[in-house]
2 protein chains.
Amino acid sequence: MKRILLLGYGHVGKTFREFLSRWSSELDAQIAGVVTRRGIMLGDNPDFRKDIEGGINEALGKVKPDVLVDTSSANYKDGEPSISAYYRCFESGIDVITTNKAPLALNFTAILDKAKKLGRRVGFQGTVMSGTPSINLYRVLPVAKVRRIRGILNGTTNFILTMMYNGVSFDEALMEAKRKGYAEEDPTLDLNGFDAAAKLTILTNWMLNRNVKLGQFPFKGIEGISMQSIEDAKKRGLKMKLIAYADDKEIKVSPMEVNKDDPFFSIDGVDNSLEVTNEVQSVTIRGPGAGSETAAYAAISDLFLFKVMK
Amino acid sequence: MKRILLLGYGHVGKTFREFLSRWSSELDAQIAGVVTRRGIMLGDNPDFRKDIEGGINEALGKVKPDVLVDTSSANYKDGEPSISAYYRCFESGIDVITTNKAPLALNFTAILDKAKKLGRRVGFQGTVMSGTPSINLYRVLPVAKVRRIRGILNGTTNFILTMMYNGVSFDEALMEAKRKGYAEEDPTLDLNGFDAAAKLTILTNWMLNRNVKLGQFPFKGIEGISMQSIEDAKKRGLKMKLIAYADDKEIKVSPMEVNKDDPFFSIDGVDNSLEVTNEVQSVTIRGPGAGSETAAYAAISDLFLFKVMK
């Protein structure tokens with residue numbers, strides 16, 4: 001049985017724990033401890049109770065896990081305490097699975113290189129499009145060089161743009177998104193394109209084998225978009241979408257008009273979508289991009305892939 | 001270097017050979033022989049030349065490959081000579097990759113069971129949707145139970161239905177499909193739903209863990225569809241699509257009307273698409289479903305997965 005240390009115990013962490021207990025025999029793994037800002041719980045229990053004081057370092061020492069699963073919330077300032085924890089894991093023979101985007105958006109190449117050098121593995125499906133295969137889709141589109149990626153990577157903005165296309169104002173659409181739980185209380189990082197840019201950074205490093213960091217390329221959100229511009233586009237048969245784009249040279253997040261023949265034209269509501277064009281073909285996947293079940297499932301998928309991949 | 005014996009040397013086989021020589025170092029594999037109805041070629045050469053007489057049995061004995069790659073054309077009568085060749089491979093420690101649907105559509109469970117029992121592997125991405133991950137998509141959607149699959153699995157019929165939706169008659173659409181190379185000279189097995197049913201059989205056994213064979217469930221094609229019924233549906237905001245459907249109990253191929261909110265509504269032309277709904281979420285992939293490049297890439301993908309998966 002693999003021993004899992006769970007970092008973070010919010011909705012995603014709790015759901016991950018449930019899924020792991022449901023599928024522990026298929027996964028050959030179990031929770032051996034949980035660490036949050038409140039302290040460390042040893043063993044497995046649905047309700048967090050602090051067994052000992054301490055942070056991630058103490059937890060790694062006490063629990064001695066085989067895999068760290070990071071479901072903590074994103075810290076875009078410096079990616080801590082996760083980044084340091086990952087390095088410590090790699091040095092101690094521990095693999096890492098994360099649904100937390102910040103560390104890889106800030107420091108993808110350094111983290112992946114370190115893991116590789118020390119023979120450790122990093123599962124990060126949950127950082128982009130939750131459980132809808134994006135990071136892991138690339139694992140089954142191997143060998144051929146990726147020429148271009150395009151994505152609708154933020155459900156909040158796609159929901160708002162869809163409502164606006166149907167005649168609802170930006171403010172009303174945002175309120176509706178909050179009411180439905182599709183937007184956070186402070187939706188700034190969704191609306192201004194930052195969240196999509198963080199995901200695009202990870203995808204670009206991973207699939208295009210580039211070395212880009214968040215902050216090194218332009219991103220624009222949907223804050224400045226007028227109802228007029230959406231209606232004008234509609235009259236011309238076009239839809240406005242917030243598109244994340246990268247190829248060998250370019251990388252950007254920006255609202256763009258797409259036409260009826262574009263696979264993204266029909267991606268409405270909170271759905272996310274990713275198009276991968278490699279030397280041979282272009283394929284597009286769509287599915288949920290957020291939610292604790294699908295995010296927890298992303299980490300479960302990674303854990304299973306650790307078992308079946310060399 | 002893994003030694004590959006290639007069965008069949010049509011467009012797909014030739015393209016596979018080209019791809020393999022382009023990516024031989026990533027794949028750590030090379031062509032060690034080719035066998036067709038014309039005889040056996042030893043070693044690797046772009047132009048087939050018969051070195052010795054014989055069929056697949058002789059070729060397996062002479063070439064002693066690590067992997068058999070079957071790009072031969074489908075024989076739906078009995079799946080031979082492929083099925084017997086696969087069994088012989090498994091008994092001799094040889095893995096199998098196939099882009100030929102017939103053996104698995106006729107005898108999925110027996111073939112996969114035999115391979116498992118003898119510790120051999122079967123790659124069969126190329127049997128459904130060519131290089132667009134379908135079989136292999138499931139590899140990255142693990143553990144959670146699949147509840148339902150739906151697919152647009154035949155490009156010829158989807159192309160014709162798309163043209164009819166745009167006002168072109170069935171006969172004209174079929175002629176255009178032939179002109180563009182989307183339909184074969186005898187398109188019967190595409191038009192009557194047989195081809196989609198063969199693919200659905202493979203998907204259903206694989207993802208729903210059922211034991212179904214081609215011929216055990218109803219399939220209907222698009223031959224009987226009138227322009228009138230397509231136009232009526234269009235007036236009601238619906239599109240006619242040839243849908244392959246399976247869940248725990250049901251399995252069928254049939255023309256069905258889909259509405260604007262269905263992910264299949266926007267799958268037009270020769271594109272194929274597959275929706276997989278498991279316990280956690282529903283995801284949909286779309287991409288090319290035919291063509292020698294994408295089919296050969298399917299086999300390349302499988303070969304790479306043999307390398308990285310246990």
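Below, read A as the first sequence line, B as the second, and so on, with proteins coming before strands; counting in each chain starts at 1.
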When the 4.5 angstrom heavy-atom criterion is applied to A:Glu293 and chain B, the contacting part is both

Please look at A:Thr132 and chain B and tell me whether the side chain, the backbone, both or neither of the residue comes under 4.5 angstrom of a heavy atom of that chain. both

Given that the side chain runs from C-beta out, which part of B:Thr294 has a heavy atom under 4.5 Å from chain A: side chain, backbone, both or neither? both

A:Val280 versus B:Ile300: any side-chain heavy-atom pair under 4.5 Å? no

Identify which of B:Pro142, B:Ser266, B:Ala144 forms the greatest number of heavy-atom pairs closer than 4.5 Å to chain A. B:Pro142

Of the listed A:Arg22, A:Glu279, A:Glu26, the one with the largest count of heavy-atom pairs under 4.5 Å with chain B is A:Glu279

Is it the case that the side chain of A:Tyr297 and the backbone of B:Gln281 share a donor-acceptor pair, with hydrogens and angles ignored and the cut-off at 3.5 Å? no

CD1 of B:Ile267 to OG1 of A:Thr284: how many Å apart, nearest 0.5 Å? 8.0 Å

For B:Lys307, I'd like to know if atom NZ has over 12 heavy atoms of other residues, nucleotides or ligands within 6.0 Å. yes

Locate the shortest heavy-atom distance separating B:Val283 from A:Pro288; write the atom from each residue and the value. CG1-CD, 4.5 Å

B:Asn259 atom CG, over 12 foreign heavy atoms within 6.0 Å: yes

Is the number of heavy atoms from other residues, nucleotides or ligands under 6.0 Å of B:Lys310 NZ greater than 12? yes

Can you tell me how far CE of B:Met309 sits from CE of A:Met309, rounded to the nearest 0.5 angstrom? 5.0 Å

Indicate yes or no: at least one non-hydrogen side-chain atom of A:Val143 is less than 4.5 angstrom from one of B:Phe19. no

Please say whether more than 12 non-hydrogen atoms of neighbouring residues, nucleotides or ligands are located less than 6.0 Å from CG in A:Asn166. yes

Using heavy-atom distances under 4.5 Å, tell me whether A:Asn278 contacts chain B through its side chain, its backbone, both, or neither. side chain

Most contact-rich option vs chain B, by heavy-atom pairs under 4.5 angstrom, among A:Gly291, A:Ser301, A:Gly287, A:Ala298, is A:Ser301

Just so I know, are the side chains of A:Leu137 and B:Pro133 near enough to count as touching, which here means a heavy-atom distance under 4.5 Å? yes

The interface call for B:Leu27 against chain A, heavy-atom contacts under 4.5 Å, is side chain

Turns out that what part of A:Lys260 lies under 4.5 Å from chain B's heavy atoms comes down to neither

Could you state the interatomic distance from CG (B:Asp268) to CG (A:Asp261), rounded to the nearest 0.5 Å? 8.0 Å

Find the distance between CG (A:Leu305) and CZ (B:Arg139) and round it off to the nearest 0.5 Å. 11.0 Å

